[in-house]
Amino acid sequence: MSSPGSPANLQAVRAWFEENFRTRWEMGASVSIWQHGREVLSLAHGHCDRARTREWDQETLVPVWSATKGPAAVCCLLALEEAGIPLECPVAEVWPEFVGGGKANIAFIHLLSHTAGLCALDERAPIYNYDAVIEALERQRPLWEPGTRQGYHARTFGFLLDEIVRRLTEAESLGEYYREVFGSPLALDFWIGLPSAQWERVSPVYPGKISISNSDQPFIKAFNTSGTLTQRTFTSPFGLNAVSDFNQSEMWARGYASMGGVGSARGLAKFYAMLAQGGRWEGVQMIPETVVRRFEQTLTQETDAVLLTPIAFSTGMMQDPMNEDPESGGGKLRELYGPSRLAYGHPGAGGSLAFADPENGISFAYTMNQMEVGALPGERVAGMVRALYA
């Protein structure tokens, strides 16, 4: 029987990747897989544009949407650790103005597990006005009793973490802190706030097409229905709603910690390769192992109030939900992150995915420019993960 990372399994990943271009509408895409700190597979193929004037290669950068949340969560946890602040501590201890709207009891762990009830704003704050968004969050009342319900904080998550990192460190933003602590030391081809020198390397992204088969998903229906919690969440703060907005250099440069990351599959996979080794890289402990272990420990799992499907979260990372039906014999409800219960990572809108599997020493990242429709990645990447662990 082959094991994860074996030549046979890597060849199966390659075969699925190539088939994506023939039958699954792939345009340009990359895959990077690392095991025990070295890259064991690097794939890149296709084009950066529909006119096929630019070839996609291993150096191509692309917006990865919410796959940004994984590195952002690591930055926030490390900043809290370095300041000696436990996750159970109220956010207001670091950010006094946060108490507005009755939020004195919200702790960092509520923000990081998407249970704070701050996924949607009652005020219309423009996403490009950082201070206005922060002030709206300070005034916002929780939509439910913090810790009692799980609802994905699609956009507000990044602003909450960014403000915490700014207050705990001397960095001007979470993206700057990420670059100082991880991006530059590890030479990562992934940015939260892309410098202009890198702009010419970015591929545009293209929206997915809604087909009959996926148009009846509860998430798609709620996303397109005015006034639902799902739609309010994905439009709070407002702005940047068209896919074409993510092809603007101004968006890449701003470094939105929820969804503004731009990079290569190799850059993301290398970051998770460090995490898969307990936070060590080339003999240097980049993050205390006690912090890294938190990503393996599930904090909450339920049918998410925003994504409308079972989702599990550890501390800022997504995990595969477990089947809790005692008669089923357990196991995972889905395996986006492979079979290991310890694996964690984060997907991005349209299909991008990055994760760490510390049990097998593996990290994986997939980036692409032709988006799919839906809250979670589809068959193009799910098939490669299955092949990796077959």
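For clarity, every value in this text was computed on a predicted model and none was experimentally measured.
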| request: Indicate the atoms forming the closest heavy-atom contact of Ala257 with Gly158, along with that distance. | output: CB-O, 3.6 Å
| Leu41 and Ser32: CA distance, side-chain angles, deciding distance, side chain to side chain contact (heavy atoms under 4.5 Å, CB included) verdict | CA-CA 6 Å; Leu41 186 67; Ser32 176; over 6 Å; no
| request: Provide the closest heavy-atom pair for Arg294 versus Thr315 in the form atom of the first, atom of the second, distance. | output: O-OG1, 3.5 Å
| query | Is the closest basic N to carboxylate O distance between Glu123 and Arg139 below 4.0 Å? | reply | yes
| task | Evaluate whether atom CZ of Arg38 has more than 12 neighbouring non-hydrogen atoms of other residues, nucleotides or ligands under 6.0 angstrom away. | result | no
| task | Could you please spell out the steps behind the side chain to side chain contact (heavy atoms under 4.5 Å, CB included) verdict for Met384 and Val13? | result | CA-CA 5 Å; Met384 289 188 283; Val13 172; 4.1 Å; yes
| query | Cys76 pairs by side chain to side chain contact (heavy atoms under 4.5 Å, CB included) with which of Ile164, Leu168, Leu160? | reply | Ile164
| With the threshold set at 4.0 Å, does a side-chain nitrogen-carboxylate oxygen contact exist between Glu176 and Arg179? | no
| query | Between Thr115 and Gln150, does a side chain to side chain donor-acceptor pair (under 3.5 Å) hold up when you go through it step by step? | reply | CA-CA 4 Å; Thr115 60; Gln150 174 193 308; over 6 Å; no
| said: Which heavy atom of Leu161 sits nearest to which heavy atom of Ala73, and what is that distance? | reply: CD2-CA, 3.8 Å
| message | Give me the atom names and distance for the closest heavy-atom approach of Ala125 to Ala132. | response | CB-O, 4.0 Å
| task | Check the surroundings of atom CZ in Arg124: do more than 12 heavy atoms from other residues, nucleotides or ligands lie under 6.0 Å from it? | result | no
| query | So which heavy atom on Leu308 is nearest to which on Ala222, and how close? | reply | CD1-CB, 3.6 Å
| Donor-acceptor under 3.5 Å (Thr367 side chain, Ser264 main chain) | no
| query | Which ring-ring contact (aromatic ring centres under 6.0 Å, His included) pairs, counting each pair once, include a residue from residues 85-113, with sequence neighbours left out? | reply | Trp95-Phe98
| Side chains of Thr225 and Gln231: is there a donor and an acceptor less than 3.5 Å apart? | no
| field | CH2/Trp25: more than 12 non-hydrogen atoms of other groups inside 6.0 Å | value | no
Could you list the donor-acceptor pairs under 3.5 angstrom formed between side-chain atoms of residues 85-93 and any protein atom two or more places apart in sequence or on another chain?
none

| Would Gln297 and Ser314 count as having a side-chain donor-acceptor pair, cut-off 3.5 Å? | no
| request: Take the angle between the ring planes of His45 and Phe17 and call it parallel below 30°, perpendicular above 60°, tilted in between. | output: perpendicular
| query | Is the backbone N or O of Asp357 less than 3.5 Å from a side-chain atom of Asn360, with the two atoms forming a donor-acceptor pair by type? | reply | no
| message | Salt bridge check, Arg232 against Asp122: does any charged N sit closer than 4.0 Å to a carboxylate O? | response | yes
| query | Any sub-3.5 Å donor-acceptor pair from Asn224's side-chain atoms to Ile220's backbone N or O? | reply | yes
| If you round to the nearest 0.5 Å, how far is CD of Glu180 from SG of Cys75? | 10.0 Å
| message | Set out, in order, the CA-CA distance, both residues' side-chain angles and the distance that settles side chain to side chain donor-acceptor pair (under 3.5 Å) for Tyr130 and Glu163, then state yes or no. | response | CA-CA 9 Å; Tyr130 180 87; Glu163 185 65 14; 2.7 Å; yes
| What are the two closest heavy atoms between Gly350 and Met368, and how far apart are they? | O-CE, 3.4 Å
| query | Does any donor atom in the side chain of Asn9 or Ser6 lie under 3.5 Å from an acceptor atom in the other side chain? | reply | yes
| task | Would you mind checking if Glu19 and Arg22 are paired as a salt bridge, meaning a charged N to carboxylate O distance below 4.0 Å? | result | yes
| request: Check step by step if salt bridge (Lys or Arg N to Asp or Glu O under 4.0 Å) holds for Glu379 and Arg24. | output: CA-CA 8 Å; Glu379 271 301 285; Arg24 301 185 193 102; 5.9 Å; no
| message | So that I know where these two stand, are Tyr272 and Trp34 an aromatic pair - ring centroids less than 6.0 Å apart? | response | no
| Distance under 6.0 Å and angle within 45° of ring axis: Arg386 vs Trp16 | yes
| N/O donor-acceptor pair under 3.5 Å between Arg254 side chain and Tyr128 backbone | yes
| task | Kindly determine whether Thr309 and Arg334 satisfy side chain to side chain donor-acceptor pair (under 3.5 Å), including the steps that lead there. | result | CA-CA 11 Å; Thr309 191; Arg334 70 178 80 90; 3.2 Å; yes
| request: Check for a donor-acceptor pair, side chain of Gln301 on one end and backbone N or O of Met322 on the other, with a separation under 3.5 Å. | output: yes
| task | Determine whether the aromatic ring centres of Phe223 and Phe234 lie less than 6.0 Å apart. | result | yes
| So, the side chain of Arg201 versus the backbone of Glu59: is there a donor-acceptor pair under 3.5 Å, distance only? | yes
| request: Quick one: do Leu240 and Met259 satisfy side chain to side chain contact (heavy atoms under 4.5 Å, CB included)? Show the steps, please. | output: CA-CA 10 Å; Leu240 289 184; Met259 58 193 199; 3.9 Å; yes
| message | Has Thr169 got a side-chain atom pairing as donor or acceptor with Val165's backbone, closer than 3.5 angstrom? | response | yes
| request: For the pair Lys332 (side chain) and Gly338 (backbone), establish whether a donor and an acceptor sit closer than 3.5 Å, ignoring hydrogens and angles. | output: yes
| In terms of side-chain geometry, is the basic nitrogen of Asp189 or Lys270 positioned less than 4.0 Å from the acidic oxygen of its partner? | no
| Checking side chain to side chain donor-acceptor pair (under 3.5 Å) for the pair Thr230/Thr228: CA distance, chi angles, key distance, verdict? | CA-CA 5 Å; Thr230 302; Thr228 61; 4.7 Å; no
| message | Do Met27 and Val62 land in one hydrophobic cluster if side-chain heavy atoms of ILVMFWY residues count as linked below 4.5 Å? | response | no
| said: For Arg54, is the CZ atom crowded, meaning more than 12 foreign heavy atoms sit under 6.0 Å from it? | reply: yes
| note | Result for side chain to side chain contact (heavy atoms under 4.5 Å, CB included) between Tyr152 and one of Leu307, Leu229, Thr233 points to Leu307
| message | Heavy-atom count check: over 12 atoms from other residues, nucleotides or ligands less than 6.0 Å from Phe238 CZ? | response | yes
| query | Is Glu172 salt-bridged to Arg166, cutoff N-O under 4.0 Å? | reply | no
| Taking the six-membered ring for Trp, is the centroid-to-centroid distance between Phe271 and Phe182 below 6.0 Å? | yes
| field | Criterion side-chain hydrogen bond (donor to acceptor under 3.5 Å, both in side chains) against Asn369, the qualifying member of Ser30, Ser203, Ser352 | value | Ser203
| query | Only one of Tyr344, Tyr337, Tyr366 clears ring pair (Phe, Tyr, Trp, His ring centres under 6.0 Å) with Phe355; which? | reply | Tyr337
| Any sub-3.5 Å donor-acceptor pair from Trp56's side-chain atoms to Ala29's backbone N or O? | yes
| message | Test your reading of the model: is there a side-chain donor-acceptor pair from Glu359 to the backbone of Ala343, 3.5 Å cut-off? | response | no
| task | For Pro377, enumerate each residue passing the side chain to side chain contact (heavy atoms under 4.5 Å, CB included) test, keeping only those at least two apart in sequence or located in another chain. | result | Leu336, Pro347, Leu353, Val381
| Cationic N near anionic O, under 4.0 Å, Lys103 to Glu97 | no
